[in-house]
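Notes for the one structure printed next.
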Amino acid sequence: VTSDNVKEEMNKVWEMANKGLKSGEPVVVTLGRQKGSRIQENCYHAQIGDFAKQVEPMGNKHDEKAWKELLVWEFSREKIMMGEPLQKNNAWIPSLCGTAMLPSRPATSGFDKKIRSEFIEFLFVKGSEYGVNFTDKTLAEYETYRQANG
């Protein structure tokens, strides 16, 4: 919702709430601020896509979802080593059978703008370490991000 579309969007919220109320149950409407920008998301998703297309660690090809898991977990680990752990940090969860511990990485949806910016820069550094040639699409997304953030 922006100042340009607030009336139209709030009318949509009102309509959705009314539909929900017809069920006889209360409806909860939550307002909040966006934690990061869509521009940042587009940038780091393009970067992650380049990893998925170009890098095969130990001979293993991973899709974008797996690369996101790997890179976010590594970013979180580095933040811990720097003494700046993410607010919602890595966690270890015992398996259902109790014989193993499984890592759970932080969700990028919980990253604020500052952390997302750090993650984008981290991905460029990691890309350099892995020999990733970032595509024109990724570089264009990065330029859009840079221009939007001064």
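By convention here, the first residue in the shown sequence is residue 1.
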Exceeds 12 heavy-atom contacts within 6.0 angstrom, atom NZ of Lys61 = yes

State plainly whether one hydrophobic cluster holds both Phe75 and Met82, where clusters connect Ile, Leu, Val, Met, Phe, Trp and Tyr through side-chain heavy atoms under 4.5 angstrom apart.
-> no

Less than 4.0 Å between a side-chain N and a carboxylate O, is that true for Lys12 and Glu8?
-> yes

Interatomic spacing from NZ in Lys113 to CD1 in Ile39 - rounded to 0.5 Å = 9.0 Å

Report yes if the distance between the aromatic ring centroids of Tyr142 and Phe134 is under 6.0 Å, otherwise no.
-> no

Does atom CG of Asp136 have more than 12 heavy-atom neighbours, drawn from other residues, nucleotides or ligands, at distances under 6.0 Å?
-> no

Verify same cluster id: Trp14, Met16 (apolar side-chain graph, 4.5 Å) | no

Any chance the side chains of Tyr145 and Ser117 put a donor and an acceptor closer than 3.5 Å?
-> yes

For the pair Phe51 and Trp67, name the ring-plane relationship: parallel under 30°, tilted 30 to 60°, perpendicular over 60°.
-> tilted

Is Leu96 atom CG crowded by more than 12 heavy atoms from other residues, nucleotides or ligands, each under 6.0 Å away?
-> no

Are a donor atom and an acceptor atom from the side chains of Lys68 and Thr108 found within less than 3.5 Å of each other?
-> yes

Under 4.0 Å between a Lys/Arg side-chain N and an Asp/Glu carboxylate O for Glu78 and Lys126?
-> yes

Counting heavy atoms not belonging to Tyr130, are there more than 12 under 6.0 Å from its OH?
-> no

